[in-house]
2 protein chains.
Amino acid sequence: MSNPFDRPEALSRRGGPVKEPLSRDRIVTAALALLAEEGLEGMSLRKVAAAVETGPASLYPYVGDLEGLQALVLDRALAAVDTSGAKRRGRRERLKAVLLSYSAVLLEKPGLAQLAMPAPAIGPHTMRLLDTLLGLLEEGGLDRPTAAWAVDLLFLYVTSSALEQTRGHDPRSHVATIRGASAADYPHVHAARAELLSGEVPERFSWALDAVLTGVLACPVTSSRQGSGRKSSR
Amino acid sequence: MSNPFDRPEALSRRGGPVKEPLSRDRIVTAALALLAEEGLEGMSLRKVAAAVETGPASLYPYVGDLEGLQALVLDRALAAVDTSGAKRRGRRERLKAVLLSYSAVLLEKPGLAQLAMPAPAIGPHTMRLLDTLLGLLEEGGLDRPTAAWAVDLLFLYVTSSALEQTRGHDPRSHVATIRGASAADYPHVHAARAELLSGEVPERFSWALDAVLTGVLACPVTSSRQGSGRKSSR
DNA sequence: ACCTGAACACCGTTCAAGT
DNA sequence: ACCTGAACACCGTTCAAGT
């Protein structure tokens with residue numbers, strides 16, 4: 001019952017006050033704007049409250065606690081994911097297009113990937129994305145149990161990859177650490193240091209998606225055993 | 001230069017005071033204990049300082065800021081990863097054994113996966129793990145460019161998977177959300193709801209590792225093009 | 001009854017004042 | 001010169017006092 005999407009927001013009185021009344025929608029909008037401008041730590045309850053011109057205590061009836069607000073903000077942002085993917089020809093291309101759109105949305109605002117990583121609660125837009133991916137995977141020829149497990153793997157990889165890209169972390173330091181790896185202590189890293197640092201991000205991301213999709217297609221879950229799935233459909 | 005492993009720690013005077021002198025090692029040990037007991041937010045600079053009986057300002061010369069302390073704690077914890085993997089027969093089994101050990105270490109203490117996710121800085125134990133994985137991938141028949149990109153993919157997946165497991169997040173709510181998906185709004189989720197929730201965690205994790213490894217083996221990077229890698233060895 | 005200012009119990013980081 | 005207590009500028013959350 002901790003899912004903030006389930007909790008009805010407090011209603012403002014009819015014929016309300018002169019000032020624009022507070023609402024969950026207004027709060028989430030303000031929070032998303034703050035996130036875009038200042039990143040995740042800029043989106044504090046106190047700053048959001050200030051942005052809608054009230055005290056921090058007033059947000060609680062509308063969005064619950066900080067985690068609730070974050071879940072609402074994430075799902076609002078994911079409304080921008082393009083799940084149509086209609087233009088591409090092959091199903092695999094459509095699948096990659098949806099995943100790329102999801103990744104692009106996460107990368108658009110600085111703190112979004114951080115919010116998405118542990119997926120605090122699933123809202124309607126996240127559900128739409130999940131549903132689309134499941135559909136494309138099944139259309140692509142995966143049996144249902146494999147598609148169900150694969151969608152988790154894909155989500156996790158794309159989200160964590162976006163998180164890695166988002167957090168600047170001065171790639172400098174990693175580069176320096178890898179370049180500085182001695183052949184004595186870390187022979188494989190030393191030998192592969194050029195390759196470890198090679199390639200542009202989109203190139204690597206695209207390769208990784210292809211690798212995961214290829215692997216998923218080649219590893220049907222049902223071939224071993226799959227416990228609780230009820231029907232062995234198709 | 002922000003890598004805390006590079007910064008020499010302040011030296012305590014020879015023939016120091018009566019009380020056990022402060023040191024980076026003592027601080028990191030205390031912090032790791034705090035992490036184990038209270039989780040990530042229990043490991044605040046103030047609490048760590050209290051644990052070593054000093055004021056919060058005193059930690060700065062030894063570990064830098066909070067991020068520095070977190071990087072040191074993570075790497076210390078990763079010392080426990082078993083990179084030998086000697087017992088298993090096949091190379092793929094050895095690879096999986098190392099990844100499972102890494103995952104197990106992350107899952108042992110509540111906040112570790114959170115620390116590892118964005119990999120703030122790479123310490124010696126992380127490097128050892130990276131080196132081992134690279135070696136096993138190359139032994140397994142991957143060309144060097146592919147192994148270099150694959151190790152990133154594997155790291156990201158295993159770490160984010162551990163993070164997902166660690167953060168309790170009351171799986172209840174996700175279960176309820178997926179169970180409650182209407183056939184009208186989310187047809188694929190509705191149809192696959194049993195499969196989405198099926199399987200034990202280790203089973204799913206093992207399957208995902210196999211899928212990723214299979215995909216990686218089937219998708220050599222060099223087959224397309226791989227920009228900056230210098231030599232096309234082997 | 002609803003709303004919210006002020007209070008509470010924390011943070012990370014800095015800096016001046018002490019030894 | 002080094003070390004650190006106290007101060008600074010924040011947090012999320014609660015609750016009593018106001019309307």
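Keep in mind that this is a model prediction, so the values were computed, not measured. Below, read A as the first sequence line, B as the second, and so on, with proteins coming before strands; counting in each chain starts at 1.
Using P as the reference atom, dA9(C) and dA9(D) are 22 Å apart when rounded to the nearest Å. Across dG18(D) and dC8(C), the matching P atoms stand 16 Å from one another, rounded to whole Å.
Here dT13(C) presents its P atom at 5 Å from CG of D65(B), a figure rounded to the nearest Å. Taking atom CG of residue L59(B) and atom P of nucleotide dG5(D), one finds them 11 Å apart after rounding to whole Å. Atom CD1 in I27(B) sits about 13 Å away from atom C1' in dC3(D), given to the nearest Å. Here the C1' atom of nucleotide dC11(D) and the CG atom of L66(B) are 14 Å apart, to the nearest Å. Following rounding to the nearest Å, L22(B) (CG) and dC2(D) (C1') show an atom-to-atom distance of 13 Å. Residue L45(B) contributes atom CG, which lies 15 Å from atom P of dT4(D) at whole-angstrom precision. dC11(C) atom C1' lies 14 Å from atom CG of L69(B), rounded to whole Å.
Here the CD atom belonging to Q70(B) is positioned 5.5 Å from the CG atom belonging to L40(B), to the nearest 0.5 angstrom. Atom OG1 of T126(B) is separated from atom CG of D131(B) by 12.5 Å, given to the nearest 0.5 angstrom.
Taking a pair to require two hydrogen-bonding distances under 3.5 Å in either a Watson-Crick or a G-U wobble arrangement, dG5(D) pairs with dC15(C). The pairing partner recorded for dC10(D) is none, the criterion being a Watson-Crick or G-U wobble arrangement whose two distances lie under 3.5 angstrom.
Under 4.0 angstrom from either OP1 or OP2 of dC10(D) there lies no side-chain N or O belonging to K47(A). OP1 and OP2 of dT14(C) both lie 4.0 Å or more from every side-chain N or O belonging to Y60(B).
Mapping R46(A) and S58(A) onto DNA chain C by nearest heavy atom places S58(A) at the nucleotide closer to the 5' end.
Under the 3.5 Å distance criterion, with hydrogens and angles disregarded, a donor-acceptor pair is assigned to the side chains of R76(B) and T29(B).
In summary, of the residues considered (L112(B), L107(B), L106(B)), a side chain to side chain contact (heavy atoms under 4.5 Å, CB included) with T166(B) occurs for L107(B) alone.
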